[in-house]
Structure formats: C-alpha cells, structure tokens
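Working notes for the structure below.
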Amino acid sequence: MAEQSDVIIAGAGPVGMLTALALAQTGAKVTVLEQEPHIINSPRAAVYFPSTLIILEELGILDELNAIGFQNRTFGTHIPEFGYSSVVTTEPIEGIPYDYQLHAGQHDVARVAMEHAQKLGVEVLFNHEVVALDDEPDGVTVTAKTEAGEKTFKAQWLIGADGARSTVRRLAGIAFAGHTWPERFVATNVKFDFLKLGYQQANFVCDPVNMAVIALLDRDGLWRCTYMEDSSLPLETYEERIHQRYEWFMRGSKDYEIVSSSPYMLHQRAGETLHKDHVLLAGDAAHATNPCGGLGLTSGVWTGVVLADVLGAVIRGEEDESILDRFSDERRRVFWEVVSPAATENKRMLQEKDPEQRQKDLAAVRALSDDPDSGAMLMLFAYKVIGDVLRPNSRWKDADPTPNVHLDIAGRQGQIH
Ligand SMILES: Cc1cc2nc3c(=O)[nH]c(=O)nc-3n(C[C@H](O)[C@H](O)[C@H](O)COP(=O)(O)OP(=O)(O)OC[C@H]3O[C@@H](n4cnc5c(N)ncnc54)[C@H](O)[C@@H]3O)c2cc1C
C-alpha cells in the first residue's frame, strides 16, 4: 500500500492534470494514476476560448502555452452551396481580459500542467490502470493494474478524470444519461496549406454531406481537418475514405501529408451525479459533448477547477461536504443548459439538410459578418460555460464576465452591455 493521499485522480488527460495542479496549489496531496505509458497525443482539443485562458493564467501556465501554440483572432464560415464565405475577427471587442483563441494540442496542455504539478509534489504514475475501487466510510481504496501486478492506493477522495468511457464512473455505479449520435467523427491532422484556398486559421464548413471543422494547429503548418460520416460505414476502412473527403475540402489539391487520424463516437451525456460518496467526476467522465465548436474541454476544465476549489476547501475543513452536491448540480446544469444545446446547435448548422433552414442559416451567418461586435462575441462566447462560481472566497469568484454578455446561440446573436 502506497502512502495515503488526500486525492487520487484517475487519468492524466488535460482535465486530470489541470485539476491536479489546481488542487496542489490549494495544498492538497495528490496522486494521479494513468493507464497509458505517457500522456496521450490523439488528435483532439486544439482551440481554447477566453474562458479556458482565465484558468490557464490563474494556474500560472498561460505564458508557456502561448509560446508553444499561437493566438488566433479570425474565424471563417464557409457555405460552399451558396459560394459564401464570411470572416469574423475578435478585434472589435474591448474591455475583456482576452481577445484571442489559443491554438495548442491538448497533450501540450496536459504536459505543461503535469510539469508544474510535479514541482508541487503531485505524483504521476503511468502504466497504472484503475480497475477496482472500494468506497469505505473513511475514504476510498483504489486498485491499479501495473506492470508489476496489482497495487492498491488509499485516499480520502477519488476523482474520475478518465474520459468519456470512465472506469471510475462505472465502478461507482453512476449512470451516464443522454444520447449517442448516429454519426462517426473523423479527426485528421494533416500538413497542407489551407490558407491558399481562402480558409482562415479556424473554420466551419457547412454542408449537408461534406461538413468540416478546419483549424491550424501549430506554427509549422499542421492543420486539423475533422468531418462526420455515417457510423454504419465500416470502421476498418475509414482511413481509405479520408482521401475522398480531402478531394472536396482541398478542391482537388493532392499536395497533403496525413500525419495522424482517429475516429470518435459523439455523445451528449452527463453523469446522473458528479458526486457519490468519496467519488467525484470531472472532464469527459462527468459530461461529454459532440466537439462541434470545441466545448468539450472548454466545459470540462471548469468542472475540474471548480471541483479543485470546493474539494480543497472541504479537505481544509472550511466547507461542509454538502458543497460537493452543489458542485455536482451546478456543473450538470451548465452542461445541460448551456454546453449541450450550443454544441448541438453547432452540429445541426454544420450538417443541416433542410434547404429552407440552410437559407435561414446563411442569413444568420451573413448578419454576424455584417455586425462585427456580434461576430466577435460569438467567437469568444464560451465564457458562458463558467456558471456560478460556488464559494464567496473562491479564487475563481471574479472570473465570470457573463453578466456583461448576452448571447442567443440559436439566433446566433451576441451583444455586449
Ligand atoms: C476531434 C475532437 C476535437 C476536439 N476539439 C476540442 C476543442 O477544440 N476544444 C475543446 O474544448 N474540446 C475539444 N474536444 C473535446 C476534448 O478532447 C475532451 O473534452 C477532452 O479530451 C477531455 O479531457 P479529459 O482529461 O476529461 O479526458 P481524456 O482526454 O479522455 O483523458 C482521460 C485520460 O484517462 C486515462 N484513463 C482512462 N481510463 C483509465 C483508467 N481506468 N485508469 C487510469 N487512467 C485511465 C486515459 O488514458 C486518458 O489519458 C475535442 C474532441 C474531439 C474528439
């Protein structure tokens, strides 16, 4: 049995590591158990809105990530059917802390957070797969499968930050309510000069057959090109179909180099609770959304840092454990009332099949491009995922500028008051 921690976190993904860092900064003793031999580098989150930048700055890692990634201020919406493209920029917005989106791989976010957390004494154990838990009145015992056999770890609290298929959530008997979409998402990382074809550094391509989300990933010309296909198509041959799709997005150009690709299932699901006895959930383990518009990690990191704030206060004896239920209720509310409807609306617009609705969408996109303030606000709108910060003396209490912002996502209108 290893030395007892205050908190064990399952999963060294971006949410697990940012939550570990935030908890360590409150003085908690944290151990992270990760099943893989290293931080995973799959093609996933790449774009971070100002609501995430607030967190990265407060945790002390924003400058480092700005140096690794780059700052984007333009967003293109392309509707090939109408030969229409619009560009919105964040430039008209004043009086907010950040006027850009950071582009960086989520593995870099996790790695930088891990390095800072380790300096504060957080122990990160790779090749440790959580396989069992025993929740007792005085804490939780976690069993991990390792190369040297099974090992047990004891802590007061266990956070499942082990992704959408969370083992911790399953072992705790927490249902993952909601639905899974029939489509498959295919994310590819590719070297290709999309700028020469009129794309911006971040783009939506709205089309009933060939929708895509296209974004520049780094300073060396690596791009993310993501699209949907019907999940009844055979999974084994998804890589062969990438070239057919590229034909469309790259308008016949063949001078591309695929660097990596991965298929994903899409969900709108959340745990029926994020707190059961000594088990808590954060990130995709707590709530998973389709990634259209990049709201998954955007909302997941807020669940993680709010949890670190309230759990840190419980561990220090400053708050009653009942605050953990309020955390669960508030983060589930934000997911179901803000995140999931916004991501669902983005997905609908990207692949809308009804011709009449496509005309309405065209008018809405045109209106945004004609009203620079609204367009800029939409680009930065993910402020809304913060929700009510729970404790009056929370380190995040001044973070939420939501009262100054009104955004009607379905009407795609934003206003600053
Ligand atoms: C194509 C795509 C693009 C996306 N783009 C964006 C974007 O631009 N912006 C955005 O905000 N979001 C985006 N997302 C969503 C984002 O990737 C997820 O929300 C994010 O990965 C969630 O982080 P996490 O740390 O909760 O989980 P994960 O990243 O899934 O990490 C979970 C970790 O837990 C480990 N683990 C699993 N089981 C166990 C176990 N039993 N024991 C120990 N360890 C375990 C895993 O190995 C993994 O390291 C995108 C998603 C996809 C699919």
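For this chain, numbers begin at 1 and follow the sequence in order. Values below: every heavy atom of this structure, side chains too, minus hydrogens, waters and symmetry copies. Ligands are counted one by one from 1 in listed order, and the atoms in each one are counted from 1 as well.
Residues satisfying the side-chain hydrogen bond (donor to acceptor under 3.5 Å, both in side chains) test with T303, not counting sequence neighbours, are H287, R331. For the ring-ring contact (aromatic ring centres under 6.0 Å, His included) test, residues two or more places apart in sequence or in another chain that qualify with F70 are H103.
Between the side chain of N290 and the main chain of L266, no donor-acceptor pair closer than 3.5 Å is present. Proximity of a side-chain donor or acceptor of E129 to a complementary backbone N or O of T146 within less than 3.5 Å is not detected.
Using a 4.0 Å heavy-atom cutoff, A161 is listed among the residues neighbouring ligand 1. Contact between R165 and ligand 1 is absent, with no heavy atom of the residue lying under 4.0 Å from the ligand. For A285, the closest heavy-atom approach to ligand 1 does not fall below 4.0 Å.
Under a 4.0 Å criterion applied to the non-hydrogen atoms of E129, ligand 1 contributes the atoms 41 (N), 42 (N). Of all atoms in ligand 1, numbered sequentially from 1 with element shown, those under 4.0 Å from a heavy atom of V15 are 23 (O), 24 (P), 25 (O), 26 (O). Residue-ligand proximity, L33 to ligand 1, at heavy-atom distances under 4.0 Å covers atoms 43 (C), 44 (N). Those atoms of ligand 1 that come under 4.0 Å of a heavy atom in A187, given as number and element, are 1 (C). Listed by number with element, the atoms of ligand 1 under 4.0 angstrom from any heavy atom of G283 are 26 (O). With ligand atoms numbered from 1 in the order given, ligand 1 contributes 1 (C) to contacts under 4.0 Å with heavy atoms of P43. Short contacts between ligand 1 and A46, defined as distances under 4.0 Å to a heavy atom of the residue, involve ligand atoms 7 (C), 8 (O).
The residue from R170, Q35, H287 that puts a heavy atom closest to atom 38 (N) of ligand 1 is Q35. In this structure, of A144, G13, G163, the residue bringing a heavy atom nearest to atom 27 (O) of ligand 1 is G163. Comparing V301, V385, V130 by heavy-atom distance to atom 41 (N) of ligand 1, the nearest is V130. Between atom 17 (O) of ligand 1 and the options Q106, K145, H103, the minimum heavy-atom separation is to Q106.
Considering both main-chain and side-chain atoms, F185 never comes within under 3.5 Å of ligand 1 through any nitrogen or oxygen pair. Annotation: V47 places an N or O atom under 3.5 Å from an N or O atom of ligand 1; distance criterion only. An N or O contact shorter than 3.5 Å links T298 to ligand 1 by distance. Between A164 and ligand 1, no pair of N/O atoms sits closer than 3.5 Å.
In the model, Y100 has a side-chain atom that pairs as donor or acceptor with a side-chain atom of N66 under 3.5 Å.
Under the 6.0 Å distance and 45° angle rule, K347 counts as a cation-pi partner of W181. A cation-pi arrangement is present between R169 and F176, with the terminal nitrogen or guanidinium carbon under 6.0 Å from the aromatic centre and inside a 45° cone about the axis.
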